[in-house]
Amino acid sequence: MTALLPDFYARDVLDVARELIGCCVEFNGAAGIIVETEAYHEREPACHAYIGLTPRTRTLFGPPGRAYVYRSYGIHALLNAVCEPTGVGAAVLIRALEPEVGLEAMRERRWRSRGMPKRRPSDSELCSGPGKLTEALGIGLELNGTDLSAGAVRILSMAERRPSSILSGPRVGITKAVNLPWRFWIGDNPYVSRPRTATAAIVPSSS
DNA sequence: CATGGGATTGACT
DNA sequence: GTCAATCCCATGC
C-alpha cells in the first residue's frame, strides 16, 4: 500500500480513470476504496479545461498527480486527480468510495452537514457520490493544487485488492459530450453513486 | 460591474 | 418526479 507517484497520473486520462478503481483515498485519518470514477479531457466540452487556461483551470493544466478541487453548484467540493503531462488539461473525478477507515468520523461530518439528513447516514450513504465523499472525508477547496503523492490527501495503490471487473458508461450530470462512455465503476458494488446501465464491460488483463 | 450556469444533494409532491 | 440551496468564476456590457 504505497502512494501513487506523478508518473502514474502523467498518462492517458482514460487509463488512469480505470486504474484508480480499487485504489485508496486517505485524508485526515479517514480512508475509502475508489469504486467509481469519471475522466475529463480538455479536448471535450464537458471538461472545465475545454475553455483553456483561466484562474479556475490553472490546476488542471498544472503538473499531474495534484488534487483539483472545485465547488459544484455553489455547495459541494468535488475531488479530481490531475492527469496527463503538464500543459494538458485533464483529470479524473473521484465519484464514490467504499468506506474503510474512520466510518464514525465520516458519519459525524455527513450528519451535521449542510442539508442535514433527517436520519443517520448508513454506510452506503457516506461516500456514494462526489459531493458526499469530500464531505465525509472533510476535503475542502483549500486542498486544490495539493500533491496527491505526498500531501494531505493521498491516493494509495492497493495491489492486493484489484477489482475483478469494471463497467463503463456515460458520465453523470453533464450536458455536453453526454455520449462518451468515460464513467467507470465496479458492477454490483453497493457504494457506487447511482446504478446505471453499462455500455461496456472491461475485464482487466492479468498483468 | 451584473448576470448566469453548473462534474450535486436532500427534501418534498 | 420536482425544486431550492449557494458560490465560484466566465462572460458580456
Side-chain angles (χ1 to χ4, degrees), chain A residues 9 13-14 16-18 20-21 25 32 34-62 66-84 88-97 99 106-146 148 153 155 167-185 190-196 199:
Chain A
Y9 300 97
V13 69
L14 292 172
V16 178
R18 281 186 284 259
L20 278 177
I21 302 285
V25 176
I34 299 172
V35 298
E36 180 182 349
T37 61
E38 282 176 2
Y40 289 86
H41 191 282
E42 66 180 44
R43 74 171 107 81
E44 47 89 12
C47 182
H48 292 168
Y50 183 72
I51 60 172
L53 181 58
T54 68
R56 185 194 199 192
T57 61
R58 195 173 75 74
T59 305
L60 275 174
F61 286 97
R66 304 292 180 87
Y68 170 50
V69 186
Y70 73 95
R71 187 166 300 292
S72 174
Y73 291 96
I75 298 186
H76 302 101
L78 268 53
L79 173 67
N80 300 249
V82 176
C83 294
E84 311 234 354
V88 178
V92 172
L93 171 68
I94 312 299
R95 281 196 57 91
L97 304 177
M106 291 182 187
R107 218 183 308 277
E108 177 66 19
R109 283 185 286 261
R110 293 269 294 129
W111 167 245
R112 50 138 154 244
S113 68
R114 201 191 326 252
M116 192 80 76
K118 285 275 159 64
R119 53 199 166 74
R120 272 167 79 76
S122 66
D123 287 2
S124 63
E125 292 173 313
L126 291 175
C127 299
S128 55
K132 296 178 184 178
L133 72 91
T134 54
E135 182 168 71
L137 295 182
I139 292 171
L141 299 189
E142 70 280 2
L143 293 163
N144 182 43
T146 58
L148 291 171
V153 182
I155 303 184
L167 304 181
S168 69
R171 294 173 293 183
V172 176
I174 54 169
T175 58
K176 294 166 252 179
V178 294
N179 292 324
L180 293 177
W182 285 10
R183 177 180 180 228
F184 303 95
W185 69 96
Y191 301 95
V192 164
S193 69
R194 35 199 338 189
R196 265 234 192 154
T199 57

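Per chain, numbering begins at 1; letters A, B, ... match sequence-line order.
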Would you kindly give the [atom1]-to-[atom2] distance between [X] and [N], to the nearest whole Å?
{"X": "Leu133(A)", "N": "dA7(B)", "atom1": "CG", "atom2": "P", "result": "16 Å"}
{"X": "Ile94(A)", "N": "dA7(B)", "atom1": "CD1", "atom2": "P", "result": "17 Å"}
{"X": "Ile75(A)", "N": "dT8(B)", "atom1": "CD1", "atom2": "C1'", "result": "7 Å"}
{"X": "Glu135(A)", "N": "dT6(C)", "atom1": "CD", "atom2": "P", "result": "14 Å"}
{"X": "Arg194(A)", "N": "dG1(C)", "atom1": "CZ", "atom2": "P", "result": "10 Å"}
{"X": "Lys132(A)", "N": "dT8(B)", "atom1": "NZ", "atom2": "C1'", "result": "10 Å"}
{"X": "Tyr70(A)", "N": "dA10(C)", "atom1": "OH", "atom2": "C1'", "result": "15 Å"}
{"X": "Arg71(A)", "N": "dG4(B)", "atom1": "CZ", "atom2": "P", "result": "22 Å"}

Handout entry: Pairing residues for Glu125(A) by the salt bridge (Lys or Arg N to Asp or Glu O under 4.0 Å) criterion, not counting sequence neighbours
Key =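 Glu125(A) satisfies salt bridge (Lys or Arg N to Asp or Glu O under 4.0 Å) with Arg119(A) only.
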Handout entry: salt bridge (Lys or Arg N to Asp or Glu O under 4.0 Å) involving Glu44(A) - partner list, sequence neighbours excluded
Key =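 If we apply the salt bridge (Lys or Arg N to Asp or Glu O under 4.0 Å) test to Glu44(A), skipping adjacent residues, the hits are Arg171(A).
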Could you tabulate the donor-acceptor pairs under 3.5 Å formed by side-chain atoms of residues 34-41 of chain A, not counting sequence neighbours?
from     : atom 1 : to        : atom 2 : distance (Å)
Glu36(A) : OE1    : Ser193(A) : N      : 2.7
Glu36(A) : OE1    : Ser193(A) : OG     : 3.0
Glu36(A) : OE2    : Arg95(A)  : NE     : 2.8
Glu36(A) : OE2    : Arg183(A) : NE     : 2.8
Glu36(A) : OE2    : Arg183(A) : NH2    : 2.9
Glu36(A) : OE2    : Ser193(A) : OG     : 2.9
Thr37(A) : OG1    : Ala17(A)  : O      : 2.9
Glu38(A) : OE1    : Tyr40(A)  : OH     : 2.6
Glu38(A) : OE2    : Val172(A) : N      : 2.8
His41(A) : ND1    : Arg43(A)  : N      : 3.1

Listed partners of [X] passing side-chain contact (heavy atoms from CB on, under 4.5 Å), at least two apart:
{"X": "Pro99(A)", "answer": "Leu103(A), Met106(A), Leu126(A), Cys127(A), Tyr191(A)"}
{"X": "Ser128(A)", "answer": "Lys132(A)"}
{"X": "Tyr50(A)", "answer": "Pro45(A)"}
{"X": "Leu167(A)", "answer": "Trp185(A), Ala198(A), Ala201(A)"}

Handout entry: Non-hydrogen atoms of Arg107(A) and Ser122(A) that approach each other most closely
Key =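 Smallest heavy-atom distance, with atoms named: NH1-C, 3.8 Å.
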Handout entry: Nearest atoms (heavy-atom pairs only) where Ala46(A) meets Ile174(A)
Key =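 Result for this residue pair: CB-CD1, 4.1 Å.
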Practice task
Stems involving DNA chain C: give each as a range paired with a range, ordered by first number, where a stem means at least three consecutive Watson-Crick or G-U wobble pairs under 3.5 Å.
Solution key: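 So far as stems of 3 or more pairs are concerned, DNA chain C shows B:1-6 with C:7-12, B:8-12 with C:1-5.
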Problem - Pairwise P distance, dA5(C) and dT13(B) [rounded to whole Å] - result: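 Result for the P pair: 15 Å, nearest Å.
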Problem - Span that lies between the P atom of dG5(B) and that of dC13(C), in whole angstrom - result: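 Here dC13(C) and dG5(B) have their P atoms 15 Å from each other.
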Exercise for the section: Looking at every strand, decide which applies to Leu93(A) at a 4.0 Å heavy-atom threshold: base, sugar-phosphate, or nothing. Expected result: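 If one applies the 4.0 Å heavy-atom cut-off, Leu93(A) turns out to touch a base.
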Handout entry: Arg109(A)/Glu135(A) ion pair, N-O < 4.0 Å
Key =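 Glu135(A) and Arg109(A): not salt-bridged.
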Contacts under 3.5 Å, N or O only, protein and nucleotides 1-3 of chain B:
none

Practice task
Under 4.0 Å from any atom of DNA chain C, heavy atoms only: list the residues of residues 48-56 of chain A that qualify, in numerical order.
Solution key: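 Ile51(A), Thr54(A), Pro55(A), Arg56(A), in order of number.
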Handout entry: Lys176(A) side-chain N/O to dA7(B) phosphate OP1/OP2 under 4.0 Å
Key =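 The answer is no; no side-chain N or O of Lys176(A) sits under 4.0 Å from OP1 or OP2.
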Practice task
Considering just the side-chain nitrogens and oxygens of Arg110(A), establish if one lies under 4.0 Å of OP1 or OP2 belonging to dT9(B).
Solution key: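 Negative; the distance criterion is not met.
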Problem - 5' priority, DNA chain C, between Leu141(A) and His76(A) [closest heavy atom] - result: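 Its nearest nucleotide lies further toward 5', so the answer is His76(A).
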Problem - 5' priority, DNA chain B, between Thr175(A) and Gly131(A) [closest heavy atom] - result: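 Comparing both residues, the 5'-ward one is Thr175(A).
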Practice task
Would you state whether a donor and an acceptor, one from the side chain of Tyr73(A) and one from the base of dA7(B), lie under 3.5 Å apart?
Solution key: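 Result: no qualifying N/O pair found.
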Handout entry: Contacts of His48(A) that satisfy side-chain hydrogen bond (donor to acceptor under 3.5 Å, both in side chains) - sequence neighbours left out
Key =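 Here the qualifying residues are Tyr68(A).
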Exercise for the section: Report the residues that fulfil side-chain hydrogen bond (donor to acceptor under 3.5 Å, both in side chains) with Arg56(A), sequence neighbours left out, ordered by chain and then residue number. Expected result: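 Applying side-chain hydrogen bond (donor to acceptor under 3.5 Å, both in side chains) to Arg56(A) gives none.
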Practice task
Report yes if the ring of Tyr40(A) lies under 5.5 Å from the six-membered base ring of dA7(B) with planes under 30°, and no otherwise.
Solution key: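 Tyr40(A) ring centre within cut-off of dA7(B) base, planes near parallel; stacks.
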